[in-house]
Amino acid sequence: MINNYYKYNRNFMTGLWLLIVGFSIFTLLHKVNNGFPDVKFFIILYVIGMIVQFSKILMKKFRVKPRTKSDQKISNIAILIMSALVLLSYIFVMLTNKSFDYYAVRELWILILISVGIHFLFFIPVQGKYLASSLSILTILNCLIGIIFNIDLDIIFVFDGLIKIIFGFVYIYSSKLKYVS
C-alpha cells in the first residue's frame with residue numbers, strides 16, 4: 001500500500017500569513033501628512049498575522065504532521081537573517097542620506113522588501129523549492145524593477161501586496177494536495 005502524506009506541513013498557515021501580510025502592504029498606500037507611508041495599520045495587521053501564524057488552535061487544526069526540529073531551525077534562521085538585513089538596510093539608508101526625505105523612505109522600503117524576498121529563499125526546504133523560490137524571485141524582481149525604472153513606491157507596494165496575496169492563495173490550495181512517497 002502506498003503511504004500518502006503531506007510533504008510540506010505548514011502551507012495552509014503560510015498561505016494565511018501571506019494573505020494577511022499582502023493586505024497589510026496595501027495599508028502602506030495610506031500616507032501621513034509628510035507623504036510617508038502610514039505604518040500604523042500595517043503594524044496592526046502584521047501583529048494580527050503573527051498571532052494567527054502562531055495560533056496553537058489553528059496549528060492544531062491545519063497541521064498534518066508534527067513540526068520537525070529542522071523546520072523550526074530553518075524558520076528561526078530565516079527570520080534572524082531577515083531581521084539583520086532589515087537592520088542593515090536602516091543603517092545603510094541613515095548613513096547614506098543627508099535627510100530622511102521621500103527618496104530615503106523609498107530606498108528603505110525597497111531594501112526591506114528585498115530583505116523579505118531573500119528570507120523566503122531559506123524556506124525552500126520547509127515549504128518547497130518551487131513555491132518559496134518563486135515567491136522570493138518575484139518579490140526581489142518587483143523591487144529591482146522599481147529601482148531600475150525609478151517606479152513610485154506605491155506601485156511597488158501594490159505589486160508586492162498582489163504577489164503575496166496570490167501566493168497566499170496558492171499556498172492554501174497546495175496545502176490540500178497530497179504527495180506520494
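Not measured: the values here are computed from a predicted model.
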side-chain hydrogen bond (donor to acceptor under 3.5 Å, both in side chains) partners of residues 24-33, not counting sequence neighbours, each pair once:
His30-Asp38, Lys31-Asp154

Hey, are the side chains of Asn11 and Leu131 touching, using non-hydrogen atoms and a 4.5 Å cut-off?
yes

With no hydrogens and no angle check, is any side-chain donor or acceptor of Ser55 less than 3.5 Å from a backbone partner on Ile51?
no

Does either side chain, that of Tyr102 or that of Asp152, offer a donor lying less than 3.5 Å from an acceptor on the other one?
yes

Run the ring-ring contact (aromatic ring centres under 6.0 Å, His included) test against Phe42 and tell me which residues pass, sequence neighbours left out.
Tyr46, Trp109

Here the gap from Asn34 atom CG to Phe36 atom CZ, rounded to the nearest 0.5 Å, amounts to 4.5 Å

Residue pair His119 / Met82: nearest heavy atoms and the distance that separates them:
CB-CB, 3.5 Å

Identify each donor-acceptor pair in which a side-chain atom of residues 88-96 lies under 3.5 Å from a protein atom, sequence neighbours left out, and give them as a table.
{"from": "Ser89", "atom 1": "OG", "to": "Leu85", "atom 2": "O", "distance (Å)": "2.7"}
{"from": "Thr96", "atom 1": "OG1", "to": "Phe92", "atom 2": "O", "distance (Å)": "2.8"}

Do Phe123 and Thr14 have side chains that get closer than 4.5 Å, going by heavy atoms?
no

Met13/Phe54 under side-chain contact (heavy atoms from CB on, under 4.5 Å): CA gap, chis, key distance, verdict
CA-CA 9 Å; Met13 295 300 289; Phe54 296 108; over 6 Å; no

Per-pair distances, 0.1 Å, donor-acceptor, side chain in residues 136-149, under 3.5 Å, sequence neighbours excluded:
{"from": "Ser136", "atom 1": "OG", "to": "Gly117", "atom 2": "O", "distance (Å)": "2.5"}
{"from": "Thr139", "atom 1": "OG1", "to": "Leu135", "atom 2": "O", "distance (Å)": "2.7"}
{"from": "Asn142", "atom 1": "ND2", "to": "Ile156", "atom 2": "O", "distance (Å)": "3.1"}

Side-chain heavy atoms under 4.5 Å apart, restricted to Ile/Leu/Val/Met/Phe/Trp/Tyr: what other residues fall into the cluster of Ile57, or is it alone?
none

Could you walk me through whether Phe12 and Leu58 pass the side-chain contact (heavy atoms from CB on, under 4.5 Å) check?
CA-CA 10 Å; Phe12 182 88; Leu58 290 175; 5.9 Å; no

Membership question, hydrophobic clusters at under 4.5 Å side-chain separation (ILVMFWY): are Ile112 and Val47 in the same one?
yes

Let me check something: any side-chain donor-acceptor pairs from residues 157-164 under 3.5 Å, sequence neighbours excluded? List them with distances.
{"from": "Asp160", "atom 1": "OD1", "to": "Lys164", "atom 2": "NZ", "distance (Å)": "2.8"}
{"from": "Asp160", "atom 1": "OD2", "to": "Lys164", "atom 2": "NZ", "distance (Å)": "2.8"}

Interatomic distance, CZ@Phe167 vs CD1@Ile172, rounded to 0.5 Å, equals 13.5 Å

So how far is it from Ile43 CD1 to Met50 CE, rounded to the nearest 0.5 Å?
13.0 Å

With side chain to side chain contact (heavy atoms under 4.5 Å, CB included) as the test, pick out the partner of Leu18 among Tyr171, Phe23, Phe169.
Tyr171

With rounding to the nearest 0.5 angstrom, report the CZ to CG distance, Arg106 to Leu111.
10.0 Å

Please report the closest heavy-atom contact between Val105 and Pro37, naming both atoms and the distance.
CG1-CD, 3.8 Å

Do Ile114 and Ile77 belong together in a cluster built from hydrophobic side chains that touch within less than 4.5 Å?
yes

Looking only at heavy atoms, the pair that brings Phe26 and Gly22 closest together is CD1-O, 3.3 Å

Rounded at 0.5 Å granularity, tell me how far CD1 in Ile20 sits from CD1 in Ile25.
13.0 Å

Over all heavy atoms of both residues, which pair between Phe122 and Ala78 is shortest? Give the atoms and the distance, please.
CB-CB, 3.6 Å

Is there a side-chain contact between Val21 and Gln53 (heavy atoms, below 4.5 Å)?
no

Check whether Leu80 and Val86 end up in the same hydrophobic cluster, where Ile, Leu, Val, Met, Phe, Trp and Tyr are linked by side-chain heavy atoms less than 4.5 Å apart.
no

Whether over 12 other heavy atoms sit under 6.0 Å from Phe100 CZ:
yes

